[in-house]
Amino acid sequence: MAKAPKANRPEARLPKGFRDTPAAEVRQLSHMLATIRQVYESYGFEPLETPAIEYTEALGKFLPDQDRPNEGVFSFQDEDEQWLSLRYDLTAPLARFVAEGIKTQTLPLPFRRYAVGPVWRNEKPGPGRFRQFTQFDADTVGTDNVAADAEICMLAADTLEALGLKGKYVIKVNNRKLFEGIRQVLGITSDTQWLTAMRAIDKYDRLGWDGVESLLRDGRKDDSGDFTPGAALSEPQAKEILAIFNKAAITDVLDGTNDYALQALRESKFAMNSLFEEGLKELEKISALSMAAGYDASVIRIDPSVVRGLEYYTGPVFEAELTFEVKNEDGQTVRFGSVGGGGRYDGLVERFTGQKVPATGFSIGVSRLQAALAALGTTRQEGYGPVVVLVMDKDRVADYQKMVQRLRRPDDGGAPIRAEMYLGTAGMKAQMKYADKRHAPCVVIQGGDEKAKGEVQIKDLIEGAKASETIKDAKEWREGRPAQVSVPEADMVATVREILARHKA
RNA sequence: GCCGCCUUAGCUCAGUUGGUUAGAGCACCAGAUUGUGGAUCUGGGGGUCCCCCGUUCGAGCCGGGGAGGCGGUACCA
C-alpha cells in the first residue's frame with residue numbers, strides 16, 4: 001500500500017464536544033436506559049421514535065440566516081433549499097408530532113409518550129457538556145390537570161430510586177405563575193429586566209442570596225474578573241423579591257412536609273395577586289398529591305428558587321437535583337447538581353395549530369446521570385472478557401475453532417460461554433498477553449503433547465495473577481504452572497464453567 | 001462570547017543565559033526462556049518540541065498571530 005505523503009494525511013481526531021463510548025460504558029448505559037424505560041412503561045407511557053432531523057422552522061427556533069446559519073443548532077440546507085436541523089431536544093419534535101396528529105385527527109388525547117435518543121447542540125462544550133448527548137423524556141400532552149404534573153414528579157423520583165439513588169436526590173418543584181404574579185405586583189414592565197432578574201434567582205445555588213441581590217441590582221464581578229450586568233431593579237423591588245425567596249426557599253427544613261414553604265408563600269404580600277394565587281394553589285395540589293402517594297418533601301419538594309427554561313414553561317417547573325458530593329481523582333469536590341428537569345408548557349403545540357394544547361413533561365440528562373452514577377461507584381464493575389482458545393499449531397485451526405464452538409454452544413445444553421479463538425498470527429507468549437489484555441478469565445491450551453493424550457490445558461488467568469503477587473522468581477511460576485489444570489478434552493466445558501463460577505461473585 | 005492558565009514520545013513530565021544528534025520514568029515490542037500473561041535483565045521502535053509568521057549565524061526556549069485543551073464566567077430550548 002502506497003503511503004500518503006505525510007503532509008496530506010488527515011488527522012485522526014474527533015470534532016470537539018463529541019466523544020466515543022468504550023465497551024464498559026456502552027454496557028452501563030444500556031442497563032441504565034433499560035431501568036429508566038421500565039419505570040416509564042410502568043406509568044403507562046408509550047414509546048415514540050422521531051427522526052434526528054426536522055425542518056428548522058418546525059423546531060421552533062429562528063430560521064438560520066446567511067451570517068449565522070448554525071447558531072445553537074446544527075443546520076444545513078436540503079436540495080430544495082429548505083433549512084433542516086438536528087433536533088436539540090425531544091420536546092420540539094413531540095410538539096410537531098402532536099400537531100400533525102391533531103391536524104389529521106388521529107391522536108387520542110391525552111397523549112402520553114416517552115422517547116430516548118441523542119440530541120445535538122452547536123455550542124461551546126464544557127466540563128460534562130457535549131455537543132451530542134442523550135435525553136430520556138416522558139410527556140403528557142392534552143390535559144391541564146395538575147395531577148399530570150404531580151405524576152411527572154413521582155415518575156422522576158421513581159426513576160432515580162430505580163437507579164439506586166435513594167436519599168441522594170430531590171425533585172424540586174416551583175411554578176412559573178408565582179413569578180408572573182410577583183412581576184405584576186412589582187410592576188416590572190421591561191422583559192429584559194425581568195429575564196435578568198429571574199436568571200439572577202436561578203443562580204442562588206451557586207452565588208447565595210448576596211450574589212443574587214447584586215445581580216438584581218447593579219451587577220456583579222466574578223472571580224475571573226468578568227462583570228455580569230444586573231437587572232437594575234430598585235432597592236425595594238430587590239428586597240421584596242429576596243424577602244419572599246429567602247423565606248420560602250429554605251431547603252433544609254426537614255420535617256418532611258412542604259408546609260413551611262407553602263405557608264411563607266401564602267402569607268406574602270404577593271398572595272393578593274390572582275396569578276400568584278393560582279400558581280400557589282397548583283403547588284399545594286402537587287404537594288398534597290405527592291404526599292398522599294407517599295413522597296414526602298425530602299423527595300418532592302416545593303422550592304420557589306427553581307427557574308429553568310425562561311420563555312418556555314408556563315406553569316409548574318421541576319428540577320431533579322443530586323444532593324451528594326464526590327471527590328474526583330484530583331481531590332476536588334464535584335457536585336453534579338441537576339440531572340433532569342421539566343415542567344408545563346402550554347404554548348408549544350399552539351405554534352402549529354393555533355389552539356392551546358396543554359402539556360407537561362420531564363427530561364433526564366442521561367450522560368450526566370451516568371457520570372454521577374459512575375462517580376458513586378453504583379455501576380457494575382466491568383466484567384471479564386471471553387475465554388481465549390490459543391492457537392498452538394497453525395495446522396489445527398479447525399480443531400480450535402471446534403473447541404470455541406463447544407464453549408459457545410455447550411452440547412450439554414448449558415448456558416453459552418463467551419469464547420473466541422485467537423485470530424492473530426503471533427506466537428504463544430503474545431497470545432497470553434493478548435488474553436490478559438482482553439481480561440479473559442482463562443485460556444484453553446492444546447499443543448501436540450495434550451493432543452496426543454486427548455487432553456487440554458486450562459489456565460485460570462485470574463488465579464494466576466493472584467499467584468504472581470507472591471511468586472517472585474520467573475522459573476517458579478513458569479515451571480510450576482500455577483492455576484493451570486490438564487483435563488480430558490471431554491471435560492473442557494465443565495472445567496471452564498467451574499472457573500467462571502469461581503470468579504462470579 | 002468574555003477572563004485566566006496550559007500544549008515537548010502512547011502516558012506523566014525534565015530540558016541551563018538561545019548553541020551539535022531533544023531526554024527520563026512508565027507503557028509498548030523483541031530476546032534471555034522446548035510451549036505460558038504478571039518478576040528481573042538486555043535490546044528495540046516510536047517526536048512536525050501544537051501550527052504559521054517574525055527576530056537571530058542559530059529557536060523547544062525570544063516576539064506576533066492562530067489552533068487545541070483545562071478552569072472560571074455568560075448563555076442554555
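The figures that follow rest on heavy atoms only: side chains count, while hydrogens, waters and symmetry mates do not. Residue numbers begin at 1 in each chain, while the letters A, B, ... track the order of the sequences.
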Between [atom2] of [N] and [atom1] of [X], the distance in whole Å:
X         : N      : atom1 : atom2 : value
Phe318(A) : A77(B) : CZ    : P     : 15 Å
Lys433(A) : G38(B) : NZ    : P     : 6 Å
Met198(A) : C75(B) : CE    : P     : 12 Å
Ile462(A) : G37(B) : CD1   : C1'   : 13 Å
Tyr400(A) : G35(B) : OH    : P     : 13 Å
Arg121(A) : A77(B) : CZ    : C1'   : 6 Å
Arg220(A) : C3(B)  : CZ    : C1'   : 14 Å
Leu86(A)  : A77(B) : CG    : P     : 19 Å

Would you tell me whether Glu455(A) and Ser486(A) have side-chain atoms, one donor and one acceptor, within less than 3.5 Å of each other?
->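 Note: Glu455(A) and Ser486(A) side chains meet the donor-acceptor criterion.
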Glu489(A) versus Gln446(A), side-chain donor and acceptor atoms under 3.5 Å |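 Result is yes, a qualifying pair exists.
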With nearest nucleotides of RNA chain B determined for Arg308(A) and Asp449(A) from heavy-atom distances, which residue corresponds to the more 5′ nucleotide?
->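 It is Asp449(A) whose nearest nucleotide is closer to the 5' end.
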Earlier contact from the 5' end, RNA chain B, for Leu207(A) and Gly17(A) =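 Comparing both residues, the 5'-ward one is Gly17(A).
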Have a look at [X] and say if it touches a base, only the backbone sugar-phosphate, or nothing, with a 4.0 Å heavy-atom cut-off.
X         : result
Arg206(A) : sugar-phosphate
Gly448(A) : base
Ile445(A) : base

Which base sits across from [N] as a Watson-Crick or G-U pair, both distances under 3.5 Å?
N      : value
G37(B) : none
U56(B) : none
G4(B)  : C70(B)
C13(B) : G23(B)
A30(B) : U42(B)
C76(B) : none

Can you find an N or O donor on one side and an acceptor on the other, under 3.5 Å apart, linking the side chain of [X] with the base of [N]?
X         : N      : result
Lys459(A) : G37(B) : yes
Glu450(A) : G35(B) : yes
Arg199(A) : A74(B) : no
Gln431(A) : U36(B) : no

Hey, would you say the Phe130(A) and Phe18(A) ring centroids sit under 6.0 Å apart?
->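 No, the ring centres sit 6.0 Å or more apart.
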Rounded distance in Å between the [atom1] positions of [N] and [M]:
N      : M      : atom1 : value
U12(B) : G69(B) : P     : 15 Å
G46(B) : C26(B) : C1'   : 15 Å
G71(B) : G10(B) : C1'   : 25 Å
C41(B) : C5(B)  : C1'   : 43 Å
A22(B) : A9(B)  : C1'   : 11 Å
U33(B) : A39(B) : C1'   : 13 Å
A24(B) : C3(B)  : C1'   : 36 Å
G60(B) : G43(B) : C1'   : 29 Å

Intermediate values then yes/no, side-chain contact (heavy atoms from CB on, under 4.5 Å), Leu275(A) and Ile182(A) = CA-CA 9 Å; Leu275(A) 258 179; Ile182(A) 291 169; over 6 Å; no
When you measure from the side chain of [X], which nucleotide among [options] comes out closest?
X         : options                : value
Asp436(A) : G37(B), G35(B), C29(B) : G37(B)
Lys437(A) : G35(B), C29(B), G68(B) : C29(B)
Ala430(A) : A30(B), U36(B), G37(B) : A30(B)
Lys203(A) : A74(B), G38(B), U36(B) : A74(B)
Met432(A) : G37(B), U73(B), A77(B) : G37(B)
Thr228(A) : A77(B), G35(B), U73(B) : U73(B)
Ser468(A) : G38(B), G69(B), G37(B) : G38(B)

State whether Arg351(A) places a side-chain N or O below 4.0 Å from either non-bridging phosphate oxygen (OP1 or OP2) of A77(B).
->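 No, because none of the side-chain N or O atoms of Arg351(A) sits under 4.0 Å from OP1 or OP2 of A77(B).
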Closest heavy-atom contact between Leu84(A) and Thr56(A)?
->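 Shortest heavy-atom contact: C-OG1, 3.2 Å.
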Face-to-face stacking of Tyr88(A) with A77(B), centres under 5.5 angstrom, angle under 30° =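 So yes, this residue stacks on that base, both cut-offs being met.
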Matching residue for Glu319(A) among Arg301(A), Arg308(A), Lys172(A) - test: salt bridge (Lys or Arg N to Asp or Glu O under 4.0 Å) |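 Filter result, single survivor: Arg308(A).
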To the nearest 0.5 angstrom, please state how far the CD1 atom of Ile201(A) sits from the CG atom of Leu216(A).
->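 It comes to 6.0 Å.
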side-chain contact (heavy atoms from CB on, under 4.5 Å) evaluation trace for Trp209(A) with Tyr204(A) = CA-CA 6 Å; Trp209(A) 292 121; Tyr204(A) 156 65; 3.1 Å; yes
